[in-house]
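Numbers here are sequence positions counted from 1. Note: hydrogens, waters and symmetry copies are ignored here, and every other heavy atom, side chains too, is used.
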Amino acid sequence: YWAQQYQRAYYELDEEMLRPYFELSRVSDAVFGLATTLYGIHFTPRPDLPLYHPDVRAYEVTDADGSYLGLLYTDFFPREGKQSGAWMNNLQEQYHSAEGVDHRPHIVLVMNFTPPTEGHPALLTPGEVRTFLHEFGHALHGMFASARYSSLSGTNVVRDFVELPSQLMENWLDERMWLLTFARHYESGEALPEELIQRMEQARHFLVGYAACRQLSFGYLDMAWHTITEPLGEGLDTKAFEEQAWQRAVLLAPSPAPCQMSTSFGHIFSGGYAAGYYGYKWAEVLDADAFAAFQEEGIFSRETAGRFRREVLSEGDKRDAEQLYEAFRGKAPTIDALLRRDGVKA
């Protein structure tokens, strides 16, 4: 709450005022179009395919040479019984059969965006656009998969590497060259005003230090729970355990006594990130370093994107993640690009 008040007061910026410039169908076309620019792939609507809900849309994805890559389904809006949040799933993994047939993936992108109303289309905040780009990055990881076994295919990689393709895609939202290709007022068609773009750029580093420490605190808490070697006993004070676990990274005063992160930390207890939540922060190092390659060679460089596809996206878990990354970048990652992006280092 206070962060929002600060942002409004000091940056004269509120994400809600930007919604009219991010109409969902235009954003969707822009995200698909970015993939076309980078990788040469195309998305063709397939309204003839059976769908599990009227809100879902299906697309056939083809490569630059016209060959079939797979199917992509989008499921954008909340409804009764639908889980909250956003994620990418494989309805069918990519794999090669014993006969040598390449079975291509069927991928679904699930979001919970604000749905359209009778008088207005679905309008997104920049944060929701970033979520779209993030999950779409996972979809590309699955779509470009080229492995013999489904267990090594696409996003079936180690936890501290799987978020690289998704977080990499988020970087384009901060590039005005891409932003100005689609951000237009849904009624007037007016391009996103320069004044608002400047405010967005000025607020880009808003709370980055806090966000970094918050993410680190979650990693410390995760590792604290999952490196316990002896029973802690029935009288364990979980609140005290939590405060001790993340004290190295918490900047603000401890949360009120009734509040506990651990009891709702689904990612590390039921979401597959047990002892691996640090992977999100490590992936930030990787995605910033990887995007630096695009900044050096051109943010729409087909050659750079092709190298990322060849060395990372298509490889799945066939080789060690470190080997994949260095094959793309030509060197080991460093933290420098992340510090520059966060405004910590010139």
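Judged by distance alone, the side chain of H185 and the main-chain N or O of L192 form no donor-acceptor pair under 3.5 Å. K82 places a side-chain N or O within 3.5 Å of a backbone atom of F77 that can act as its donor or acceptor partner. In this structure a side-chain-to-backbone donor-acceptor pair under 3.5 Å is present from D14 to E16. Side-chain atoms of R302 come within 3.5 Å of backbone N or O of T37 as a donor-acceptor pair. Judged by distance alone, the side chain of R159 and the main-chain N or O of G279 form no donor-acceptor pair under 3.5 Å. Under a 3.5 Å cut-off, the side chain of D55 and the backbone N or O of F76 do not form any donor-acceptor pair. Checking side-chain atoms of D29 against main-chain N and O of R26 turns up no donor-acceptor pair under 3.5 Å. The main-chain N or O of F113 is never found under 3.5 Å from a side-chain atom of E128 such that the two would form a donor-acceptor pair.
When each of F308, F161, F291 is tested with F328 by the rule ring pair (Phe, Tyr, Trp, His ring centres under 6.0 Å), just one qualifies, namely F308. Just one of Q94, M88, Q92 meets the side chain to side chain contact (heavy atoms under 4.5 Å, CB included) condition when paired with N90; it is M88. In summary, of the residues considered (Q323, R329, R319), a side chain to side chain donor-acceptor pair (under 3.5 Å) with E311 occurs for R319 alone.
Remark: aromatic rings of F144 and Y39 are close, center separation under 6.0 Å. Taking the six-membered ring wherever Trp is involved, the centroid distance between the rings of F300 and W178 does not fall below 6.0 Å.
Within a 6.0 Å sphere centred on OH of Y149, other residues, nucleotides and ligands contribute 12 heavy atoms or fewer. With a 6.0 Å radius and a threshold of 12 heavy atoms from other residues, nucleotides or ligands, R214 has its CZ atom at or below the threshold.
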Side-chain polar contacts of residues 337-346 - donor-acceptor pairs under 3.5 angstrom, sequence neighbours left out - could you list them?
from	atom 1	to	atom 2	distance (Å)
R341	NH1	N171	OD1	2.7
R341	NH1	D287	OD1	2.5
K345	NZ	D336	OD1	3.0

* Would you check, one step at a time, whether the test side chain to side chain contact (heavy atoms under 4.5 Å, CB included) holds for Y11 with R199? => CA-CA 6 Å; Y11 295 101; R199 291 186 203 173; 5.7 Å; no
* Between V158 and D320, is a side chain to side chain contact (heavy atoms under 4.5 Å, CB included) present by the stated rule, with each step listed? -> CA-CA 9 Å; V158 291; D320 183 81; over 6 Å; no
* Could you walk me through whether Y52 and Y73 pass the ring pair (Phe, Tyr, Trp, His ring centres under 6.0 Å) check? -> CA-CA 10 Å; Y52 59 86; Y73 297 85; 7.2 Å; no
* **Test log, rule side chain to side chain donor-acceptor pair (under 3.5 Å), inputs E297 and T304** => CA-CA 7 Å; E297 302 168 24; T304 311; 2.6 Å; yes
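Note on ring orientation: taking the six-membered ring where Trp is involved, the planes of W246 and F218 are tilted (angle from 30° to 60°). Using cut-offs of 30° and 60° for the angle between ring planes, the Y10 and Y6 rings count as parallel. Using cut-offs of 30° and 60° for the angle between ring planes, the Y280 and Y273 rings count as parallel.
Remark: E322 engages no residue in a side chain to side chain donor-acceptor pair (under 3.5 Å) (not counting sequence neighbours).
Distance check: L69 CG to T62 OG1 gives 7.0 Å after rounding to the nearest 0.5 Å. With values rounded to the nearest 0.5 angstrom, Y210 atom OH is found 11.0 Å from Q215 atom CD. Atom CG of L221 and atom CD of Q260 lie 10.0 Å apart (nearest 0.5 Å). With values rounded to the nearest 0.5 angstrom, M111 atom CE is found 9.0 Å from L24 atom CG. If you take OG1 on T44 and CG on L72, they are separated by 11.5 Å, rounding to the nearest 0.5 Å. Between the CE atom of M143 and the CZ atom of F43 there is a distance of 6.5 Å, given to the nearest 0.5 Å.
Contact check on E243 versus K239 returns a salt bridge, with a Lys/Arg side-chain nitrogen under 4.0 Å from an Asp/Glu carboxylate oxygen. Salt-bridge annotation for R130 and D174: present, with a side-chain N of the basic residue lying under 4.0 Å from a carboxylate O of the acidic one.
Side chains of E303 and S301: no donor on one and acceptor on the other come within 3.5 Å. A donor-acceptor contact under 3.5 angstrom links the side chains of H134 and E163, judged on distance only. With hydrogens and angles left out, the side-chain atoms of E194 and Q198 include a donor and acceptor closer than 3.5 Å.
Contacts classified as side-chain hydrogen bond (donor to acceptor under 3.5 Å, both in side chains) and involving residues 104-116 (residues at least two apart or in different chains) are given here: D102-R104.
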